A.B. asks: 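Handing you a structure now.
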Amino acid sequence: MPDGPLIVQSDKSLLLEVDHPLAKDARRAIAPFAELERAPEHVHTYRLTPLGLWNARAAGHDAEQVVDALVRYSRYPVPHPLLVDVADTMDRYGRLQLVKHPTHGLVLHALDKPVLEEVLRSKRTKGMVGTRIDDENVAVHPSERGRLKQALVKLGWPAEDLAGYVDGEAHDISLEQDDWHLRPYQEEAVETFWHGGSGVVVLPCGAGKTLVGAGAMARSGTTTLILVTNTVAARQWKDELVRRTSLTEDEIGEYSGTRKDVRPVTIATYQVLTTRRKGTYTHLELLDAHDWGLIVYDEVHLLPAPIFRMTADLQARRRLGLTATLVREDGREDEVFSLIGPKRYDAPWKDIESQGYIAPAECTEVRLTLPDGDRLAYATAEPEERYRLAASAPGKTRVVRQILDKHQGEQTLVIGQYLDQLGELSQALDAPLVTGETTVAERQRLFDGFRAGEIDVLVVSKVANFSIDLPEASLAIQVSGSFGSRQEEAQRLGRLMRPKADGRSAHFYAIVARDTVDQDFAAHRQRFLAEQGYAYTIVDAEDLAAA
DNA sequence: GATGGTGTAA
DNA sequence: TAAGCTACACCATC
């Protein structure tokens, strides 16, 4: 395509011209395998990585489709070596397989003998394999199944795990779909996961990931261990399961700091599993308390490191990871890939939006030029003071007021990172403030007031990241955010996306101080959403006042 | 056995 | 990069 939107470069970066009429189509075509790296105004940079290509491969895309997408939207002839490289990389996935052998148990099976020779000679696989059966097969000790997969990913030869799973203890679970039904994409996610065996389902906030979990549990019909990040999430899982499935309260246990109930379906926090005394994990017995047939990892992008280690030993059990943003700021995506499994299902946010399940959202970055005094203070500040200084620039208060004026009557969350800043905003706007110090009862009272429409504006700190019990809102103004967390930004936007009765859009504003690190971090935070097709309109604070 | 406060880890 | 929040263990109190 001579005037296509995409420029494919031999260093494996893809440049997408955002304003091109075919940019949306191109984005959709490359999304399954390319990762967005930078997303400034006009040209977005994507990158081809082995992991991205392998995920695509595991999801059933073949090299031909990838090559076709690149060639179709590329403005210039695609460098031939790159196409060859894409095909080669994708072809590396699955040349080794983990399979069940009738006599030798778990076996690493090669579709390509030299590859087997190569990986067996590597130091990384030492001690993980046993008897050499023949030139295509080598026995693997079951306890090394996870670590071997990790090693093989690192060696660039990811194995396809076809060895199956223990059945687990049967336990009847069915969805009670009398006055509701799984949405088509949820059904599809459950089926794709089930046939894939283990892996990750990626769905936007508010798209009903819990029901995908419930669907998988019903499909499995076994005892299930659900791991969650916090107690609020644990309670929500329990409520949802009681409401939507045949499970009763008695069949669902909570295993946390305060309660240690193990039931056929047990919901545990990651933390309780990772707590140690004198260097040894104290609650590992939970993993053997039942013959779990399914393990669900909620918010799998937040999986703490020790859970990876434990999960390496759980490879014989089916594993379902759920997340809205399969990006980790610590770069451990490859461990999610090898230990939980590849990405099995991924519905782009915009697709779910176009089906009406989440509200459309308009994102705006408002750039505020600091007054000379503040600029000087910023310029002379110590490096570690700079972000805080820029992020909590006093001028932001005025901008917040202007945005509120523009959107009168919207239920609004003002979200920020620094308690001092939030305190001042709360005073200036005469709006209640909710932080970690706010008692649970007081939070409840304020959220109820907000939900009832008695309170229009709530100023909230990072509590909003954790207690997901937040009420509906249609406007959010972010005055500061933590450094470059993409996942936080996505979550904050996700808060607003419950569909509105009248089909209105949600509005998300990020106020940043121009020419400071605040602006740089904001750009990084926006990346994931840009990848999902959310374009930030950049507005000058002065123009906002005029508009 | 429940509740509340303190210190620590991630 | 730092600040903020949560969950846990432990202990004290009722």
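It should be emphasised that the depicted structure is a prediction, and the values quoted were computed from it without experimental measurement. Here is how names work: the chains are called A, B, and so on, in the same order as the sequence lines, proteins then strands, and each is numbered from 1. All values below were derived from every heavy atom in this structure, side-chain atoms included, with hydrogens, water molecules and symmetry-related copies excluded.
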A.B. asks: Please give, in whole Å, the distance from B:dA10 P to A:F308 CZ?
C.D. replies: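 Between P of B:dA10 and CZ of A:F308: 16 Å.
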A.B. asks: If you only use heavy atoms from C-beta on, which nucleotide in C:dC10, C:dC5, C:dA3 is closest to the side chain of A:Y418?
C.D. replies: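 Selected nucleotide (nearest to the side chain): C:dA3.
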A.B. asks: Do the rings of A:F528 and A:W349 sit parallel, tilted or perpendicular, given the 30° and 60° boundaries?
C.D. replies: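 Answer is perpendicular, since the angle exceeds 60°.
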A.B. asks: Using 30° and 60° as the class boundaries, would you call the ring planes of A:Y387 and A:F521 parallel, tilted or perpendicular?
C.D. replies: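 A:Y387 vs A:F521 ring planes: perpendicular.
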A.B. asks: Let me have DNA chain C in dot-bracket notation, would you? Count Watson-Crick plus G-U wobble pairs, both distances under 3.5 Å, and use [ ] for pairs crossing earlier ones and | for inter-strand partners.
C.D. replies: .....|||||||||
A.B. asks: May I ask you to evaluate whether A:R443 reaches the phosphate of C:dT6, defined as a side-chain N or O under 4.0 Å from OP1 or OP2?
C.D. replies: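 Answer yes for this pair, as a side-chain N or O of A:R443 is under 4.0 Å from OP1 or OP2.
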A.B. asks: In whole angstrom, give the distance that lies between atom CZ of A:F483 and atom C1' of C:dA3.
C.D. replies: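 After rounding, the reported distance stands at 7 Å.
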A.B. asks: Check the distance between C:dA3's P and A:F521's CZ and give it to me in whole angstrom.
C.D. replies: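 So the two atoms are 13 Å apart, to the nearest Å.
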A.B. asks: Are A:Q526 and A:E489 close enough, and set up right, to give a side chain to side chain donor-acceptor pair (under 3.5 Å), and what steps lead you there?
C.D. replies: CA-CA 7 Å; A:Q526 293 166 10; A:E489 186 102 338; 4.5 Å; no
A.B. asks: Distance check needed: C:dA3 C1' versus A:Y387 OH, whole Å only.
C.D. replies: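 Result: 11 Å.
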A.B. asks: Please find out if less than 6.0 Å separates the ring center of A:Y509 from that of A:H407.
C.D. replies: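 Yes, they do, as the ring centres are separated by less than 6.0 Å.
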A.B. asks: Could you tell me whether the phosphate oxygens of C:dA7, OP1 or OP2, come under 4.0 Å of any side-chain nitrogen or oxygen in A:R276?
C.D. replies: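 A:R276 to C:dA7 OP1/OP2: no side-chain N or O under 4.0 Å.
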A.B. asks: Would you say A:Q491 and A:N465 are linked by a side-chain donor-acceptor pair, where the criterion is simply a distance under 3.5 Å?
C.D. replies: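 Result is no, nothing qualifies.
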A.B. asks: To the nearest Å, give me how far apart CG (A:L273) and P (C:dC8) are.
C.D. replies: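 So the CG-P distance, A:L273 to C:dC8, works out to 10 Å.
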A.B. asks: Could you check how far CG of A:N465 sits from C1' of C:dG4, rounded to whole Å?
C.D. replies: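 Atom CG in A:N465 sits about 9 Å away from atom C1' in C:dG4.
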A.B. asks: Please state how far atom CG in A:L227 lies from atom C1' in C:dC8, giving the value in whole angstrom units.
C.D. replies: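 Value for this atom pair: 16 Å.
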A.B. asks: Can you tell me which nucleotide in C:dC5, C:dA2, C:dC10 comes closest to the side chain of A:R277?
C.D. replies: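 Between C:dC5, C:dA2, C:dC10, the one nearest the side chain of A:R277 would be C:dC10.
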A.B. asks: According to a strict under-4.0 Å criterion, is A:T231 in side-chain N/O contact with OP1 or OP2 of C:dA7?
C.D. replies: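 Yes, A:T231 has a side-chain N/O under 4.0 Å of OP1/OP2 on C:dA7.
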A.B. asks: At under 4.0 Å, does any side-chain N or O of A:K278 touch on OP1 or OP2 of C:dA9?
C.D. replies: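 The answer is no; no side-chain N or O of A:K278 sits under 4.0 Å from OP1 or OP2.
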A.B. asks: From C-beta outward on A:R388, which listed nucleotide comes closest to its side chain: C:dA3, C:dC5, C:dT6?
C.D. replies: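 Closest nucleotide among those given: C:dA3.
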A.B. asks: Can a side chain N or O of A:H283 be found less than 4.0 Å away from OP1 or OP2 on C:dA7?
C.D. replies: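 For A:H283, the contact criterion (side-chain N or O under 4.0 Å from OP1 or OP2 of C:dA7) is not met.
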A.B. asks: Quick one: which of C:dC5, C:dC8, C:dA2 gets closest to the side chain of A:K462?
C.D. replies: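 Shortest atom-to-atom distance from the side chain points to C:dC5.
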A.B. asks: Is A:D161 paired with A:R145 through a side-chain N to carboxylate O contact shorter than 4.0 Å?
C.D. replies: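 The answer is yes: the pair qualifies as a salt bridge.
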A.B. asks: Please tell me if A:T435 has a side-chain N or O lying less than 4.0 Å from either OP1 or OP2 of C:dG4.
C.D. replies: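 False: A:T435 side-chain N/O out of range (4.0 Å or more) of C:dG4 OP1/OP2.
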A.B. asks: Using whole Å, what does the distance between atom C1' of nucleotide C:dA3 and atom CD of A:E488 come to?
C.D. replies: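 Rounding to the nearest Å, CD of A:E488 and C1' of C:dA3 are 11 Å apart.
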A.B. asks: Less than 3.5 Å apart, any donor N or O on the side chain of A:D250 or A:T248 sitting next to an acceptor on the other?
C.D. replies: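 Side chains of A:D250 and A:T248: no pair found under 3.5 Å.
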A.B. asks: Applying side-chain contact (heavy atoms from CB on, under 4.5 Å), can you list everything that pairs with A:Q421, at least two apart in sequence or on another chain?
C.D. replies: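 Counting only residues at least two positions away or on another chain, A:Q421 forms a side-chain contact (heavy atoms from CB on, under 4.5 Å) with A:S392, A:K396, A:Y418, A:L425, A:V479, A:S480.
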A.B. asks: Both A:S482 and A:T275 contact DNA chain C. Which one's nearest nucleotide lies toward the 5' end?
C.D. replies: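 Per heavy-atom nearest nucleotide, the more 5' residue is A:S482.
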